[in-house]
Chemist: 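Before we start, here is the structure in question, set down as structure tokens.
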Amino acid sequence: MLMPVLTPAELWEATGRLAISEIFRLKDRTGRDFILPVTHEETVTFHAREIQSYKQLPQLWYHFQTKGRDELRPRGGLLRLREFVMKDAYSFDRDEEGLRTSFEKNREAYERIFERVELETYYVQAESGIMGGKFSFDFLAPSGSGENTLVVCETGDYAADLEVARAIPRAAELPEPLDAPEEVETPGVTTIEGLAELLGIDATATSKAMPVVKEDALVLALIRGDDRLSETKLYDALPGASRPATDEEIRSAFGAGGGSLGPIGFEGEVVADETLREGQFVAGANRDGWHLRGVQAGRDYEPRFADLREPREGDRCPECGGELRFRTAIEVGHIFNFGAFYSAPLGATFVDEDGTEKPLLGGSYGIGPARVLAAIVEQHHDEDGLVWPRSVAPYDVHVVVLSGLEEQGERVAELLDEAGFDVLLDDRDLRPGEKFADADLLGCPTRVTVGRKTLEDGAVDVRDRATGGEQRVELERLVEGVRR
RNA sequence: CGGGGUGUGGCGCAGCCUGGUAGCGCGCUCCGUUCGGGUCGGAGAGGUCCCCAGUUCAAAUCUGGGCACCCCGACCA
């Protein structure tokens, strides 16, 4: 089906997604609000209100449609655009089990697609953001460019998006423990590097603090000094947290500036990374130019523990202890199990076998054709140009006709065309070298060269783009020769 | 919004620091040559040097202002 692009804003108001900053908004001449959707959950769920009975379930609807996204900064060629085509499917089921089945079917379908187009992808847990729903998964295709970082174990048993990846960090190198925290003057020190150097300790023996605002209250996030805070994990651990605290808020709550913050003496909630559960660490003293040695969770402050750190290359795999590597990747597909997230606010219900009214349970399954192509190009090229996988090659056979043999070349092309191949015929009046170079650049799987010398023998040359292997094939056996 | 960069024949760039006839490669036109991996030679056409103002005998070049585009960051279903 073909769904509309222009969408009444009320639908998005109802699900809460109107708040998303990158939604394209517009008004008609009477001032009514519309949006250009980034996905069509609201649209399909609105129409799914027509579903009355469990007997009409399950349903699976899909379309290819232009999507709009008011990007802060479009970039990356085909990867991040204000307008792009997406193939997305939406399932509706009567219960969790049905939803799981629909979800699995769509996942399998996508995996078969990626397999068929010869795209190396990893199926990984994704962050769902404000999309809602219980879980979502990404298909990530490693590539030279891309905006996702894929964390993979060297042994191949673990793969995850950096934003949600778990990892085992290197062990901390801690100095002798103290009986109680001890103040130490650290004038002018505002970085972990400076702190570790001044105190003559390893960065892993320090902690750093980041205050965030959650529903008008300050919360202190605490991680080990050598780590980076994962914002995704932080906001997962602190539902409702919205932004880093401002300098003024920090000053009034802690009585000190950004470089000297710590958990001791802070009135609000402290969320500490798991790495701080055991041992003593240096922390800010909440007094400019001072730190505390020997600060121990559980003894000196009572934090809630959570996984807050961003994994680093070289960390250990949570499954097997193997070394974790990073690869940049393109997100080529994203599938969601969102349950009643849309059907509940939009009132899309049905009557089940037992006579009760229930919300439809939904999933959505998106795949970006342009991104898939971009990823294929990244994974299938060499220094001369593209090397198309057969299933997505624009043509199966590229017939290069050398000048003066146009008629014979056309016959060869017709022969192949009649045999069912998609044929590209290059009969331009150019030097052979230029045509070969162009054929390499375009990257059709097979090249057939029609030249005078081979033609005298009643043959042509058939060349495989991927391997560069070339073979002389008699004209009578051309079709088999190409098919091989 | 912050940081950086770029604007010069159709395309890609050099020249700018240190002001003085605007240059290179590719492409294009014509003649010849060559013809299974981007031939070779010759002749030629083509430019408000992003815009405005200023300094100067003289500005692509220096100064000020503006515009456009690109990259990085914030953001990101």
Chemist: For the pair made of CZ in A:F139 and P in B:A77, what is the distance, rounded to whole Å?
Modeler: 18 Å
Chemist: Taking any strand in view, what nucleotide pairs with B:U48 in a Watson-Crick or G-U wobble way, both distances under 3.5 Å?
Modeler: none
Chemist: How far, in whole Å, is B:U39 from B:G23 if one measures between their P atoms?
Modeler: 28 Å
Chemist: In whole Å, what separates the P atom of B:C72 from that of B:G36?
Modeler: 45 Å
Chemist: State plainly whether the residues A:K233 and A:E310 are in salt-bridge range, i.e. N to O under 4.0 Å.
Modeler: no
Chemist: Could you identify the nucleotide paired to B:G2, looking across every strand shown and requiring Watson-Crick or G-U wobble geometry with both distances under 3.5 Å?
Modeler: B:C72
Chemist: In whole Å, measure the gap between the P atoms of B:G20 and B:C31 for me.
Modeler: 40 Å
Chemist: If I take atom OH in residue A:Y342 and atom P in nucleotide B:A77, what distance separates them, rounded to the nearest angstrom?
Modeler: 11 Å
Chemist: Heavy atoms only: give me the nearest A:H63-A:D88 pair and the separation to one decimal.
Modeler: CE1-OD1, 2.7 Å
Chemist: Which of these nucleotides, B:C76, B:C75, B:A77, is closest to any side-chain atom of A:W12?
Modeler: B:A77
Chemist: When every nucleotide of nucleotides 36-42 of chain B is labelled 5' to 3' by its protein contacts under 4.0 Å (heavy atoms), B for base, S for sugar-phosphate only, - for none, what sequence of letters results?
Modeler: BBBB---
Chemist: Could you check whether A:R251 pairs with A:D288 (Lys NZ or Arg NE/NH1/NH2 to Asp/Glu carboxylate O, under 4.0 Å)?
Modeler: yes
Chemist: A:E163 has an atom CD; how far is it from atom C1' of B:A77, in whole Å?
Modeler: 11 Å
Chemist: Tell me if the side-chain of A:R69 makes a donor-acceptor pair with the base of B:A77, cut-off 3.5 Å, by modelled atom types.
Modeler: no
Chemist: Roughly, in whole Å, what's the span from CZ in A:F24 to C1' in B:C76?
Modeler: 14 Å
Chemist: Grab the CG-P distance between A:L81 and B:C76 for me, whole Å please.
Modeler: 18 Å
Chemist: Salt bridge between A:E434 and A:R428, side-chain N to carboxylate O under 4.0 Å?
Modeler: no
Chemist: If pairing requires Watson-Crick or G-U wobble contacts with both distances under 3.5 Å, which nucleotide is the partner of B:A53?
Modeler: B:U63
Chemist: Would you say A:R25 has more than 12 foreign heavy atoms packed within less than 6.0 Å of its CZ?
Modeler: yes
Chemist: Using the C1' atom as the reference point in each nucleotide, state the distance between B:G66 and B:C24 in Å, no decimals.
Modeler: 32 Å
Chemist: Without decimals, in angstroms, what is the distance between A:E147 CD and B:C71 P?
Modeler: 13 Å
Chemist: When you compare B:A14 with B:G25, how far apart are their C1' atoms, in angstrom units rounded to a whole number?
Modeler: 10 Å
Chemist: B:C70 and B:U29: how far apart are their C1' atoms, nearest whole angstrom?
Modeler: 34 Å
Chemist: B:G27 and B:G10: how far apart are their C1' atoms, nearest whole angstrom?
Modeler: 7 Å
Chemist: In whole angstrom, give me the gap between the P atoms of B:U6 and B:C50.
Modeler: 13 Å
Chemist: What about A:Y110 and A:Y365, are their ring centers closer than 6.0 Å?
Modeler: no
Chemist: Could you give the CG-to-C1' distance, from A:L72 to B:C71, as a whole number of Å?
Modeler: 15 Å
Chemist: Give a yes/no verdict on a cation-pi contact between A:R107 and A:F137, requiring under 6.0 Å between NZ or CZ and the six-membered ring centre and an angle within 45° of the axis.
Modeler: no
Chemist: For A:N148 and B:A77, what is the distance between atoms CG and C1' respectively, to the nearest whole Å?
Modeler: 11 Å
Chemist: Verify the ring-centre separation between A:F92 and A:W61: is it less than 6.0 angstrom?
Modeler: yes
